[in-house]
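Before any comments, here is the structure.
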Amino acid sequence: QEQRVLAFFQDHPDALYAPHQIQQLVMPEAPLTSARRAITNLTDDGRLEKATGQIEGTYGHDVYLWRLSRPRTLSRIEIVRAQQERRRRK
């Protein structure tokens, strides 16, 4: 199920989706909890990220949205530390 969810997000890299939308679009035969679990696992693996926006969910409560993870920009300090670490390893 995670592979199906990830493939869907990869096909829609700029879109935001709530768990109930993923369940309806990607795995309509599965319960909502399965979609939530797949999204959580992919988020924990760094493949998806939670967006700041929310929409109304199936049960009338606001739910968060997810998207495909985007490459993170390193700060200047992180770049310098990485360079120092590489030099230290040589």
Side-chain angles (χ1 to χ4, degrees):
Q1 290 176 335
E2 288 174 27
Q3 289 304 316
R4 288 171 55 195
V5 171
L6 180 60
F8 180 82
F9 275 99
Q10 289 170 333
D11 289 343
H12 305 89
D14 297 320
L16 302 173
Y17 292 97
H20 70 275
Q21 294 171 317
I22 294 300
Q23 187 261 337
Q24 292 168 356
L25 296 168
V26 180
M27 48 177 54
E29 74 289 347
L32 177 57
T33 53
S34 294
R36 289 184 185 280
R37 185 189 68 244
I39 290 169
T40 297
N41 291 345
L42 290 167
T43 302
D44 290 346
D45 290 346
R47 295 172 180 227
L48 298 182
E49 62 186 22
K50 187 190 288 188
T52 56
Q54 291 182 314
I55 62 169
E56 186 176 321
T58 306
Y59 301 107
H61 295 103
D62 287 347
V63 295
Y64 282 98
L65 300 168
W66 272 261
R67 67 176 163 229
L68 194 63
S69 289
R70 297 179 179 171
R72 193 169 77 82
T73 303
L74 296 176
S75 70
R76 181 71 183 136
I77 292 172
E78 290 172 314
I79 292 170
V80 169
R81 286 182 182 158
Q83 289 170 341
Q84 290 171 341
E85 182 63 27
R86 270 181 273 173
R87 286 186 200 119
R88 206 174 312 143
R89 290 181 185 169
K90 288 182 179 179

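The basis for the numbers below is simple: all heavy atoms, side chains too, and nothing from hydrogens, waters or symmetry mates. Quick caveat: nothing in here was measured; it's all calculated off a predicted structure.
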Nearest-0.5 Å distance that lies between atom [atom1] in [X] and atom [atom2] in [Y]:
| X | Y | atom1 | atom2 | result |
| --- | --- | --- | --- | --- |
| L65 | I22 | CG | CD1 | 10.0 Å |
| L16 | F9 | CG | CZ | 8.5 Å |
| L6 | D11 | CG | CG | 9.5 Å |
| W66 | I39 | CH2 | CD1 | 6.0 Å |

(request) Please test V5 against M27 for side-chain contact (heavy atoms from CB on, under 4.5 Å), starting from the C-alpha separation and ending with a verdict. (result) CA-CA 8 Å; V5 171; M27 48 177 54; 3.7 Å; yes
(request) Report yes or no: do I55 and Y64 belong to one cluster of Ile/Leu/Val/Met/Phe/Trp/Tyr joined by side chain heavy-atom distances under 4.5 Å? (result)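 No: no chain of side-chain contacts under 4.5 Å links I55 to Y64.
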(message) If hydrophobic clusters are built by linking Ile, Leu, Val, Met, Phe, Trp and Tyr wherever their side-chain heavy atoms come under 4.5 Å apart, do L32 and V63 end up in the same one?
(response)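 Looking at the clustering, V63 is in a separate group from L32.
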Side-chain donor/acceptor of [X] to backbone N/O of [Y], under 3.5 Å:
| X | Y | result |
| --- | --- | --- |
| Q23 | A30 | yes |
| H12 | F8 | yes |
| R4 | V26 | yes |

For [X] and [Y], which heavy atoms make the closest approach, and how far apart are they?
| X | Y | value |
| --- | --- | --- |
| L68 | R47 | CD1-O, 3.6 Å |
| G57 | H20 | CA-CE1, 3.6 Å |
| S69 | G46 | OG-O, 2.8 Å |
| D62 | Q54 | CB-OE1, 3.8 Å |
| G60 | E56 | CA-OE2, 3.6 Å |
| R67 | A15 | CB-O, 3.6 Å |

(request) Mind running side-chain contact (heavy atoms from CB on, under 4.5 Å) on T33 and R37 for me, showing each step along the way? (result) CA-CA 6 Å; T33 53; R37 185 189 68 244; 6.0 Å; no
